[in-house]
Amino acid sequence: MSTARETARLTLRNATVADIPAVVALTERVYGASAGYSPEMLTGQVAQFPQGVFVALYEDEVVGYCATFRIDEASAMRPHRWIEIAGGGYGARHLSTGDWLYGMEVCVDPRFRGLRIGRRLYEQRKRLCQELGLKGIVFGGRLPGFARRARQYDNDVEAYVEDVRAGRIRDRALSFQLRNGFELIGVLPDYLPFDAESRGYAAHLVWRNPKIDPKAGPRGTARPLPESVRVATVQYQQRRVASFEEFATQVEYFVDIAADYRADFVVFPELFTLQLLSVANAPQSPVDSLLALGSYTERFATLLSELAVRHNINIVGGSHPTRTGEGDDAQVRNICYVALRDGSLHTREKLHPTPNERTWWGIGGGSTARAIMTDCGPIGVMICYDAEFPELGRHLVDQGAMILFVPFCTDTREGYLRVRYCAQARAVENQCYVVLSGNVGNLPGVNNFDIQYAQSCILTPCDFPFARDGVAADTTPNVEQVAFADLRLSDLVVARNDGTVQNLNDRRHDLYTLSWGKRS
């Protein structure tokens, strides 16, 4: 007696954020542990163009990956390098109005290469290209047979690819591409410098969409965007509290206010949980202060998660000093807890502790900065001093973030203005929104947290679709207050693609690149 198999063994679908760990492991198996994609790169690829990234699964195991993005014809057809065209591996050159699909990656688990997974992924690309009404697909293809035959051709790569094209010799990659309908339009030198088999060269290949209507423009956008995202920034007044419950009541008050105004996000200031040190009503040493704060960490995280679900709002929970690790590995980090309205809780460490944080609290810097996927698109978190380092904002935007949240804590106007001016620069250079939230008021008796200065605000790029001064909303300095703004993500798309200036598109990827991941 035989039974029919009811589930497919091999399936293809769009990749999601949940697939990222498996894809990281796949690329390490294919390229080696030091050359695979980082989680941040894959986050950017998925966030920039979710329609264009695919995974192949064999009995629920990720065994193949394919990444694409849209690009304009001029950029796709002129000579380029992979690191340049792929935006450092993040897919950051994605252009939602681009009329060509660029193939930046196809890889298949070596254990499953007999199942024609690569061909299936290429066919999936072609289907996507036709669904979007794009002119075709373009990419740089490896020439893995060239190094072996280079002496035979006197290192003339043009002669080598011509013989492959004519069928006189075979290259396992280029011959495959030509059989699958791709047209050779040239050779790209220095495309992948570390590709020894290809001597760094790549074949410049295109597939032209046979179903294209030359009179019609491309269809579809990079991803569905909400019409508007409403954000609320809380300028939080520090005051003495007698218990955690009193602190929780104040936090819920502001969450409830933001939810009543139908905000999608509410953000609190950096280190606003230091208010809990006033419960003891006595000055404490740095060590005792951290021990006291550590006793509240679990309750604080639970509070944010419960409030996010109960009030149907995403909460950027300022930051809270947190001891991580055990024994000799124990460290203190300044951590932002982000609770999403689906009940999930994310943590993001401050990367750049200030000299004061290092000296007084013994706080060290984190080492990763990943965008967080939300129901309003990817977001990024930069904690106070982090905003003064342009590399971090660019890294988060390369991962797809369109809104950057900056919880901050400053004691003087000079310190505040450093954060404010740098945050405005991040909004301009990355063509994104930046939301600042700071503390006000005083906490006598809490060491190193005596006075506060803040003017919280919601900043925009400086161009015609946005607020005249690049400020969507701000507060009165040093007064407890909540500011709201409706942020149109579609305005960012327009500005990036057709603005007076186009900072993201006009980056000189041919001259410089920002390298965070393994594949640099």
Side-chain angles (χ1 to χ4, degrees), residues 27 30-32 34-38 41-42 44-45 48 52 65-95 98 100-108 118 121-122 125 136-150 153-165 169-178 180 182-207 398 505 507-515 517-520:
T27 62
V30 173
Y31 300 117
S34 62
Y37 285 104
S38 70
M41 289 177 177
L42 296 170
Q45 294 170 23
Q48 302 282 2
Y65 179 68
C66 171
T68 66
F69 57 90
R70 288 171 65 163
I71 195 164
D72 62 287
E73 183 168 315
S75 298
M77 297 305 175
R78 64 174 173 244
H80 57 266
R81 297 177 299 148
W82 183 89
I83 196 76
E84 169 193 344
I85 201 77
Y90 296 83
R93 294 288 298 279
H94 172 71
L95 190 66
W100 284 83
L101 196 66
Y102 195 92
M104 69 174 288
E105 180 62 69
V106 169
C107 64
V108 177
L121 291 170
Y122 277 102
R125 274 183 179 171
I137 302 169
V138 61
F139 67 98
R142 297 183 64 238
L143 300 169
F146 179 60
R148 182 168 46 86
R149 294 178 179 262
Y153 283 90
D154 292 327
N155 294 315
D156 187 346
V157 69
E158 301 280 355
Y160 173 80
V161 298
E162 176 55 29
D163 275 3
V164 175
R165 188 194 63 77
I169 61 172
R170 183 179 178 277
D171 180 283
R172 70 174 187 269
L174 180 55
S175 298
F176 168 80
Q177 307 293 0
L178 296 173
N180 280 275
F182 286 90
E183 172 191 346
L184 179 67
I185 62 171
V187 174
L188 300 169
D190 201 31
Y191 186 74
L192 288 171
F194 54 82
D195 183 1
E197 287 186 318
S198 306
R199 294 279 180 92
Y201 290 104
H204 200 176
L205 296 160
V206 300
W207 176 81
D398 277 348
N505 290 340
R507 283 182 285 171
R508 290 293 302 274
H509 292 276
D510 56 325
L511 294 180
Y512 54 82
T513 186
L514 177 63
S515 176
K518 303 171 185 176
R519 199 171 189 176
S520 57

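Since the structure is predicted, the reported quantities are computational estimates derived from the model, not experimental observations.
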Measure the shortest side-chain to side-chain distance between [X] and [Y] over non-hydrogen atoms and say whether it is less than 4.5 angstrom.
| X | Y | value |
| --- | --- | --- |
| E105 | C66 | no |
| R81 | L192 | no |
| E183 | W207 | no |
| I71 | I85 | yes |

Side-chain ion pair, [X] and [Y], N-O less than 4.0 Å:
| X | Y | result |
| --- | --- | --- |
| E84 | R78 | no |
| D195 | R142 | yes |
| D171 | R148 | no |

Looking only at non-hydrogen atoms, find the nearest pair between [X] and [Y] and report the distance.
| X | Y | result |
| --- | --- | --- |
| R165 | L178 | CA-CD1, 3.7 Å |
| E73 | W100 | OE1-NE1, 3.0 Å |
| Q45 | Y65 | OE1-OH, 2.6 Å |
| A67 | R125 | O-NH2, 3.4 Å |
| A173 | P144 | CB-CD, 3.5 Å |
| V138 | A76 | CG1-CB, 3.4 Å |

Point-to-point distance, once rounded to the nearest 0.5 Å, from [atom1] of [X] to [atom2] of [Y]:
| X | Y | atom1 | atom2 | answer |
| --- | --- | --- | --- | --- |
| R93 | F69 | CZ | CZ | 7.0 Å |
| D163 | R170 | CG | CZ | 15.0 Å |
| S75 | L95 | OG | CG | 8.0 Å |
| L121 | T68 | CG | OG1 | 11.0 Å |
| Y90 | S38 | OH | OG | 5.0 Å |
| F146 | I169 | CZ | CD1 | 9.5 Å |

- request: Kindly indicate, with the supporting measurements, whether the criterion side chain to side chain contact (heavy atoms under 4.5 Å, CB included) is fulfilled by V161 and L184.
  value: CA-CA 9 Å; V161 298; L184 179 67; 4.1 Å; yes
query: Would you call the rings of F139 and F182 parallel, tilted or perpendicular if under 30° counts as parallel and over 60° as perpendicular?
result: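 Answer is perpendicular, since the angle exceeds 60°.
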- prompt: Do the ring planes of H80 and H204 sit parallel (below 30°), tilted (30 to 60°) or perpendicular (above 60°)?
  reply: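 Ring orientation of H80 relative to H204: perpendicular.
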query: For the side chain of R70 and the backbone of G98, is there at least one donor-acceptor N/O pair under 3.5 Å apart?
result: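 Yes, because the side chain of R70 sits within donor-acceptor range (under 3.5 Å) of the backbone of G98.
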field: Donor-acceptor contact below 3.5 Å, side chain S198 vs main chain L143
entry: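 It does hold such a pair.
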query: Is a side-chain donor-acceptor pair under 3.5 Å present for E158 with Y153?
result: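 Y153 vs E158: no donor-acceptor pair found between side chains.
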- request: Begin with the C-alpha distance, continue with both residues' side-chain angles, and end with the deciding distance and a verdict on salt bridge (Lys or Arg N to Asp or Glu O under 4.0 Å) for D398 and R507.
  value: CA-CA 12 Å; D398 277 348; R507 283 182 285 171; 3.2 Å; yes
message: Taking the cut-offs as 6.0 angstrom to the six-membered ring centre and 45 degrees off its axis, would you call R199 and Y201 a cation-pi pair?
response: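 Ring-cation test returns no.
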query: Which residue, N180, I137, V106, forms the side-chain contact (heavy atoms from CB on, under 4.5 Å) with Y122?
result: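 Of the listed residues N180, I137, V106, the side-chain contact (heavy atoms from CB on, under 4.5 Å) partner of Y122 is V106.
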- request: Evaluate side chain to side chain contact (heavy atoms under 4.5 Å, CB included) for H94 paired with M104, printing each intermediate quantity in order.
  value: CA-CA 11 Å; H94 172 71; M104 69 174 288; over 6 Å; no
